[in-house]
Protein chains: 2
Amino acid sequence: MSETQPRTRIQKKNRVAILNAALEVFSQFGFRGSTLDQIAKTSGLSKPNLLYYFPSKEAIHVELLSGLMDTWLDPLRDLDPKGDPKAEILAYVRRKLEMSRKMPRESRLFANEILQGAPRMMDAIQGELKLLTDEKAAVISGWMEAGKIAPAHPYHLLFSIWSLTQHYADFDVQVRTVLGGDPIDPYPDADMYLETLFSKLLTV
Amino acid sequence: MSETQPRTRIQKKNRVAILNAALEVFSQFGFRGSTLDQIAKTSGLSKPNLLYYFPSKEAIHVELLSGLMDTWLDPLRDLDPKGDPKAEILAYVRRKLEMSRKMPRESRLFANEILQGAPRMMDAIQGELKLLTDEKAAVISGWMEAGKIAPAHPYHLLFSIWSLTQHYADFDVQVRTVLGGDPIDPYPDADMYLETLFSKLLTV
DNA sequence: GCAAGGTTTGACCAATTGGTCAGGATCAGG
DNA sequence: CCTGATCCTGACCAATTGGTCAAACCTTGC
């Protein structure tokens with residue numbers, strides 16, 4: 001992914017600060033809606049200083065995205081073909097929901113990119129994402145054919161897991177508003193609901 | 001919503017053209033990422049001409065959003081408290097999925113707005129959306145308590161319906177890419193999958 | 001066919017955008 | 001404490017942004 005790894009500790013610190021600020025901004029406004037000045041102000045650095053560490057606005061964005069796909073697929077990679085089918089899938093749902101809870105900005109960055117037609121992520125989607133999805137969909141298909149879990153469209157099963165878990169990060173504002181003004185954490189209930197939902201779906 | 005209704009047929013035609021172009025652009029790039037020039041070019045009108053029909057970029061966006069919420073809630077409004085519980089909910093899922101299929105741009109416009117924290121839609125969410133959601137969640141709760149459908153968190157049930165159906169519009173690129181290069185229509189399979197999913201969830 | 005109102009546009013504006021650059025400040029190693 | 005490399009900045013630039021305006025161009029009803 002990233003060729004240039006920081007030499008000095010100042011570089012390390014500032015690159016982290018920039019990428020963190022950029023994540024904050026890009027995840028809210030998308031690539032085109034974000035400005036270098038916003039990122040500069042958020043990171044506490046000057047605009048020319050940003051461009052000392054990164055050659056362009058696009059380079060910052062690409063750097064964020066390239067790191068993201070790997071992280072994003074980790075929970076799915078951990079789905080063990082040798083584990084108990086239903087438990088594996090339920091555990092995957094839980095990991096994915098946990099990721100939404102802990103990395104909502106990353107989820108929104110991803111959502112923004114896809115919404116815009118994935119102009120800077122097509123390669124990763126056609127490559128890594130599709131490869132891993134095909135592989136795991138085959139595993140799930142195998143489980144279904146063996147009668148270990150109820151039959152269902154394996155790809156749409158995966159889509160539904162992505163959709164449902166990421167929803168709590170991407171539509172956070174809506175979820176919390178609808179649930180009431182109180183700053184209630186929606187995740188515990190979400191976790192229970194999703195467990196029920198997929199447990200019933202997969203039980204033969 | 002909109003106070004000024006078109007007087008002449010030219011006005012009518014051009015306002016429609018502008019709003020259509022704006023929907024195209026805003027739904028892809030969000031408010032801040034879209035430019036008047038883009039909308040002008042897409043609509044086939046000149047930029048000053050846009051501003052003859054709408055006072056500002058924001059006014060166009062607001063006009064789109066204010067019309068959207070009503071349309072968006074229609075499928076939920078049709079959920080009949082007197083109908084058969086399971087059939088009603090499954091029909092709602094189908095209507096919502098159909099809406100994603102026929103109005104993907106509207107779905108993305110909505111998604112973009114929520115992703116950015118719903119700065120121009122908070123009122124509608126706290127108002128119309130929450131009111132209707134509360135009302136229908138109560139209906140669903142009643143059904144559950146009466147043992148007509150299996151118990152589940154009514155709000156998260158609604159969230160899951162929104163999430164799953166809108167996913168096919170908002171993440172269209174990803175869905176189609178993962179399913180394969182062929183221009184396969186994912187909606188028939190999605191419809192079957194969702195019917196199975198919710199049917200199993202709701203069956204007592 | 002002509003006036004009055006509705007429609008369209010080119011030229012323009014100030015502010016913001018992504019990005020450059022020369023030079024100054026700061027740091028690390030000897 | 002000196003020197004070379006790293007780090008940082010103010011000033012600047014061309015392009016793009018949302019928006020204005022006077023003047024020209026159409027429609028339409030009489």
Side-chain angles (χ1 to χ4, degrees), chain A residues 2-65 109 112-113 116 119-120, chain B residues 2-65 109 112-113 116 119-120:
Chain A
S2 170
E3 320 81 2
T4 43
Q5 51 177 339
R7 304 282 168 199
T8 77
R9 63 197 74 166
I10 293 183
Q11 250 176 68
K12 196 169 216 167
K13 188 193 64 173
N14 283 344
R15 282 181 61 95
V16 166
I18 291 170
L19 289 174
N20 184 55
L23 175 59
E24 189 73 31
V25 175
F26 281 139
S27 68
Q28 200 178 125
F29 300 107
F31 179 71
R32 297 200 26 182
S34 304
T35 73
L36 283 177
D37 291 270
Q38 274 179 293
I39 300 173
K41 183 175 284 184
T42 305
S43 69
L45 300 178
S46 69
K47 187 168 63 165
N49 207 7
L50 289 195
L51 295 160
Y52 171 73
Y53 289 102
F54 292 91
S56 69
K57 176 186 171 183
E58 182 160 5
I60 304 178
H61 195 237
V62 167
E63 177 84 9
L64 277 179
L65 288 184
L109 181 72
N112 252 310
E113 183 64 12
Q116 300 184 14
R120 292 161 225 278
Chain B
S2 168
E3 320 81 1
T4 44
Q5 51 178 337
R7 304 281 167 200
T8 78
R9 62 198 75 165
I10 293 183
Q11 253 176 64
K12 196 169 216 164
K13 189 193 64 174
N14 283 344
R15 281 180 62 96
V16 167
I18 291 170
L19 288 173
N20 184 55
L23 176 59
E24 189 73 31
V25 176
F26 282 139
S27 67
Q28 203 179 130
F29 301 107
F31 179 72
R32 297 203 24 185
S34 305
T35 72
L36 283 177
D37 292 89
Q38 274 180 291
I39 300 173
K41 184 176 282 182
T42 306
S43 69
L45 300 178
S46 69
K47 187 169 63 167
N49 208 6
L50 288 195
L51 295 161
Y52 171 72
Y53 290 101
F54 292 90
S56 68
K57 176 186 172 184
E58 182 161 4
I60 305 178
H61 195 237
V62 166
E63 177 84 9
L64 278 178
L65 289 184
L109 180 70
N112 251 308
E113 184 64 13
Q116 301 184 15
R120 290 160 227 278

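Bear in mind the structure is a predicted one, so any value in this text is a computation, not a measurement. Lettering follows sequence order; numbering is per chain, from 1.
- Under the rule for a side chain to side chain donor-acceptor pair (under 3.5 Å), the partners of A:E24 that lie at least two apart in sequence or sit in another chain are A:R105.
- Partner of A:L64 under the side-chain contact (heavy atoms from CB on, under 4.5 Å) criterion, out of A:I18, A:L23, A:N20: A:L23 alone.
- B:Y52 contributes atom OH, which lies 12.5 Å from atom CG of B:L45 (distance to the nearest 0.5 angstrom).
- Applying a 4.0 Å cut-off to non-hydrogen atoms, the residues of residues 41-61 of chain A that approach DNA chain D are A:S46, A:P48, A:N49, A:Y52, A:Y53, listed by residue number.
- Taking the 5' to 3' direction, DNA chain D first and last meets chain B under 4.0 angstrom from a heavy atom at D:dT17 to D:dC21.
- OP1 or OP2 of C:dG6 has not a single side-chain nitrogen or oxygen of B:Q11 nearer than 4.0 Å.
- The OG atom of B:S46 sits 13.5 Å away from the NZ atom of B:K41 when rounded to the nearest 0.5 Å.
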Before you tell me yes or no, could you show the steps for B:Q38 and B:Q28 under side chain to side chain contact (heavy atoms under 4.5 Å, CB included), namely the whole-Å CA-CA distance, both residues' side-chain angles and the distance that decides it to 0.1 Å? CA-CA 11 Å; B:Q38 274 180 291; B:Q28 203 179 130; over 6 Å; no
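- Residue whose closest nucleotide on DNA chain D sits further toward the 5' end, between A:N14 and B:L36: A:N14.
- Atom CG of B:N112 and atom OG of B:S34 lie 8.0 Å apart (nearest 0.5 Å).
- By the salt bridge (charged side-chain N to carboxylate O under 4.0 Å, His left out) test, A:K57 pairs with no residue at all, sequence neighbours left out.
- For the atom pair A:I60 CD1 and A:E58 CD, the distance stands at 11.0 Å (nearest 0.5 Å).
- For the ring pair (Phe, Tyr, Trp, His ring centres under 6.0 Å) test, residues two or more places apart in sequence or in another chain that qualify with A:F26 are A:F31, A:H61.
- Within residues 20-29 of chain B, no residue places a heavy atom under 4.0 Å from DNA chain D.
- B:F54 has its side chain out of reach of B:L50: every pair of non-hydrogen atoms, C-beta onward, lies at least 4.5 Å apart.
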